[in-house]
2 protein chains.
Amino acid sequence: MATGRSTQHNPNPAAGTRRSRGRGIPDATVARLPLYLRALTALSERSVPTVSSEELAAAAGVNSAKLRKDFSYLGSYGTRGVGYDVEYLVYQISRELGLTQDWPVVIVGIGNLGHALANYGGFASRGFRVAALLDADPAITGNVVAGLPVRHTDEMEEIVRSERVSIGVITTPPGAAQQVCDRLVAAGVTSILNFAPTVLNVPDGVDVRKVDLSIELQILAFHEQRKAGDEYRDEDEGADAEAPPAPAAAVVSTPGRAVGPGRGHGHERGQEYEEAAG
Amino acid sequence: MATGRSTQHNPNPAAGTRRSRGRGIPDATVARLPLYLRALTALSERSVPTVSSEELAAAAGVNSAKLRKDFSYLGSYGTRGVGYDVEYLVYQISRELGLTQDWPVVIVGIGNLGHALANYGGFASRGFRVAALLDADPAITGNVVAGLPVRHTDEMEEIVRSERVSIGVITTPPGAAQQVCDRLVAAGVTSILNFAPTVLNVPDGVDVRKVDLSIELQILAFHEQRKAGDEYRDEDEGADAEAPPAPAAAVVSTPGRAVGPGRGHGHERGQEYEEAAG
DNA sequence: CCATCTTTGTGCACGCGTTCACAAAGACAT
DNA sequence: ATGTCTTTGTGAACGCGTGCACAAAGATGG
C-alpha cells in the first residue's frame, strides 16, 4: 500500500528517547487503527470504561496479540491486569490519525457514485467535511446534492486553494480520472481517493488510495471458482494452453475514452496496488 | 497489506496433488490479476499483439519483476525475446479468475450506494450479472432500479437458490449487515462483498471482502497529517498523553478491514467504499 | 507487605511478498 | 549454423507482518 508518504519512513534510530511514538508506525498498523477506533467508539457510547485487548480484538475482528503490538507502536496506553481506558484510547487514536482536525474534501464527478458518497453520513463525522462537489457536465452543475450545489470543474483550482483542500475524491469516468487527478494535484491536493478504474500517475509526495469494485468482485470470483472446482479440476488443464478462444465478454468496460494521447501515454510509474475495483 | 485481501482464507493444504499450475497462487498475485487484465484488455482493443513485461508492468502500475513472477504462477505464457501474447494472456487470466463463467450477484440494500452499484456498468461486463436487488423497506421494494425491480428481502432465500447466487453484495445500514449476511450465507452464498461499516462474522468457507470509505479517508488523513507536520513535530510529544478531551463527534461507527501492505512510496493502494445512508 | 491473579508489552521465529540479478530461451540477422 | 540481442523465468536475499509465548507490571485480597 502505499502509504505513500513521500519520503520513505526513516528508520528512526533516535527512537530511544521517550515516546518513540509517532515515528514509523507500520502501514499495516495504520490501516487497522480506524478499525479499532470504530470498535472503541461503540464501547464509548455504551459507557464502557475499560476494555481488554482480548475483548477489543474480538470486536475489531483481529488477533489480540496483533492488537497489543499495534498499540505498542503508539505508546504504552494500557494498564496491566486491567486493560485499556476506552476514552483515552479513542482520543489517542483519533489524534494519531489526524482526526482531531478538519479535513475539507472535494468530490469530483457527481454521477451515481459521487451522489452516493456526497450523501454518505460517514463523511461528516470524524473531521471530514465535503467542501465542494464538482462535475464537468453543465447539465449537472447547479443541481443541489446532499445540500450542496454542484459546481463546475472550472472552479476546482479556486476552491481547492481557498478551502485549503488536501484530499480529493475522484468518482469520474475512467477516461477523465487522470486529468482530474493532475489538476487536483496541481492545485494543491496531496491525497487522492480514486474510485475510477484507472491507474493514476502522481508525483512523489502524493498519496493515492484506490477503491475498485470490479477488482473486488474478480477476486471473489477467483476464490469462488476454486471452491466450486476443487473436486474435479485438472481435466482441462493439460491442453488448456492452446487455442485462446476469442475473448468472450470482449466488450468490457473501458468506459471512457480511449487512451489519452495528450499526456504521456504511458502510464508509467509507480503505483502499487492490491486490489481495487473499478 | 495491502493486502488488503479478503478476510480469512483457509490455507487449504490438500491441494498438493497434481496440477501445480493453478494451485497455490499467492493472494497478492490474485489481487493483481484483475489489474493486469484491465491493462491487457485496453491493449487488446488497440489490437496490440504482444507486450513486454516492462510495458505491461508500467501500464498496470507495478514493477516488472513482480509482474513476471506473478505470471510465472500461472505458467510460462511468455516468449523470451518477445514478450507476452496479449490475446492469449487475456484469456488465461480471465479463465484463472473464473471470468469465463456467469456469476449471478444479489445486491442487498438499495440506498444511495446500492443504487449506484446497480447502475454500475462494470457489473455487466466480465461475467458478473445482477440477479436481483433486495431491500427490506416496503417503500423501496417495487421500484425499478437500473431496469430491475427491487424485491423484498423476504424473497432472498428463494432467489439465491433459484438463481444459484454465490456472491452477495451488502450495502445496507451497519445495523442490518450481520443479519443480512447470516441469511445470505444460510441461503447458500459463499462470497460476500461488504460495504457496510461492520465487522462481519462468517463461518469457514465463506469469503468476505470489505470496502470501507471512512477507513480509506482516515488512512489518507494519517499520511496527510504526517506530511504537514513533518517539520515541527516532536514538541507536543512529551506531554501529549494527557487529558483525553471528550470525543467530538461520537456517533457513527466505522468498520474497516485490513489493508495491504505495500511499500513503495508511490502511491496507490486501495479499496473501499462506503455504505448507504440508512 | 506479601501472594496471587490478570493482562499488557515484546522478543523471537516463521512465512509471505518483493526485489534483485542473472542464466537460459528464443528471435533475428548474417 | 552461429552469433548477438532481447526478454523471460526464477533462485536467492531481504524485509515486513503475524502470532506465539512469556516475563514484567500492576491490581487485588489477605
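The chains referred to below are lettered A, B, ... by the order of the sequence lines, with proteins before strands, and numbering in each begins at 1. The figures that follow rest on heavy atoms only: side chains count, while hydrogens, waters and symmetry mates do not.
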K.L.:
What is the distance, rounded to the nearest whole Å, between atom CG of A:D85 and atom C1' of C:dT7?
P.N.:
15 Å

K.L.:
Run the side-chain contact (heavy atoms from CB on, under 4.5 Å) test against B:N201 and tell me which residues pass, sequence neighbours left out.
P.N.:
B:Q178

K.L.:
So does A:K69 reach the base of D:dG19 with its side chain, donor to acceptor, closer than 3.5 Å?
P.N.:
yes

K.L.:
What's the spacing between B:L56 CG and B:L40 CG if we round to 0.5 Å?
P.N.:
4.5 Å

K.L.:
Send over the distance from B:Y73 OH to D:dT8 P, rounded to a whole Å.
P.N.:
17 Å

K.L.:
Please list, chain by chain and in numerical order, all residues satisfying salt bridge (charged side-chain N to carboxylate O under 4.0 Å, His left out) with A:E224, sequence neighbours excluded.
P.N.:
A:K227

K.L.:
To the nearest 0.5 Å, what is the distance between CZ (B:F222) and CG (A:L99)?
P.N.:
11.0 Å

K.L.:
How far does OG of A:S94 sit from CD of B:Q218, to the nearest 0.5 angstrom?
P.N.:
8.0 Å

K.L.:
If the cut-off is 4.0 Å, is A:N63 near the phosphate of D:dG17, judged by side-chain N/O to OP1 or OP2?
P.N.:
no

K.L.:
Taking atom P of D:dT8 as reference, at what distance in whole Å does atom CG of B:L67 sit?
P.N.:
9 Å

K.L.:
Restricting to nitrogen or oxygen on both sides, can you table the protein-nucleotides 21-23 of chain C pairs closer than 3.5 Å?
P.N.:
{"unit_1": "C:dA21", "atom_1": "N6", "unit_2": "B:R68", "atom_2": "NH2", "d": "3.4"}

K.L.:
If you compare every side-chain N and O of B:Y84 against the phosphate oxygens of D:dG9 (OP1, OP2), does one of them come in below 4.0 Å?
P.N.:
yes

K.L.:
Whole angstroms only, please: what is the CG-P distance between A:L56 and C:dT7?
P.N.:
14 Å

K.L.:
Taking atom P of D:dT7 as reference, at what distance in whole Å does atom CD of B:E55 sit?
P.N.:
8 Å

K.L.:
Hey, do the aromatic rings of A:Y88 and A:Y77 have their centres closer than 6.0 Å?
P.N.:
yes

K.L.:
Specify the separation, in whole Å, of atom CD1 of A:I25 and atom C1' of D:dC16.
P.N.:
16 Å

K.L.:
In whole angstrom, what separates A:F71's CZ from C:dG9's P?
P.N.:
10 Å

K.L.:
Among D:dT18, D:dT10, C:dT18, which nucleotide has an atom closest to any side-chain atom of A:R32?
P.N.:
D:dT18

K.L.:
Which is more 5' along DNA chain D, the nucleotide nearest B:E54 or the one nearest A:V82? Just name the residue.
P.N.:
B:E54

K.L.:
Without swapping roles, check the side chain of B:T198 against the backbone of B:P174 for a donor-acceptor pair under 3.5 Å.
P.N.:
yes

K.L.:
Could you pick out which residue, A:K66 or A:T79, lies toward the 5' side of DNA chain D when each is mapped onto its nearest nucleotide?
P.N.:
A:K66

K.L.:
When the distance from CG of B:D27 to C1' of D:dG17 is rounded to whole Å, what number comes out?
P.N.:
14 Å

K.L.:
Respond yes when some side-chain nitrogen or oxygen of A:S53 is under 4.0 Å from OP1 or OP2 of C:dT7, and no when none is.
P.N.:
no

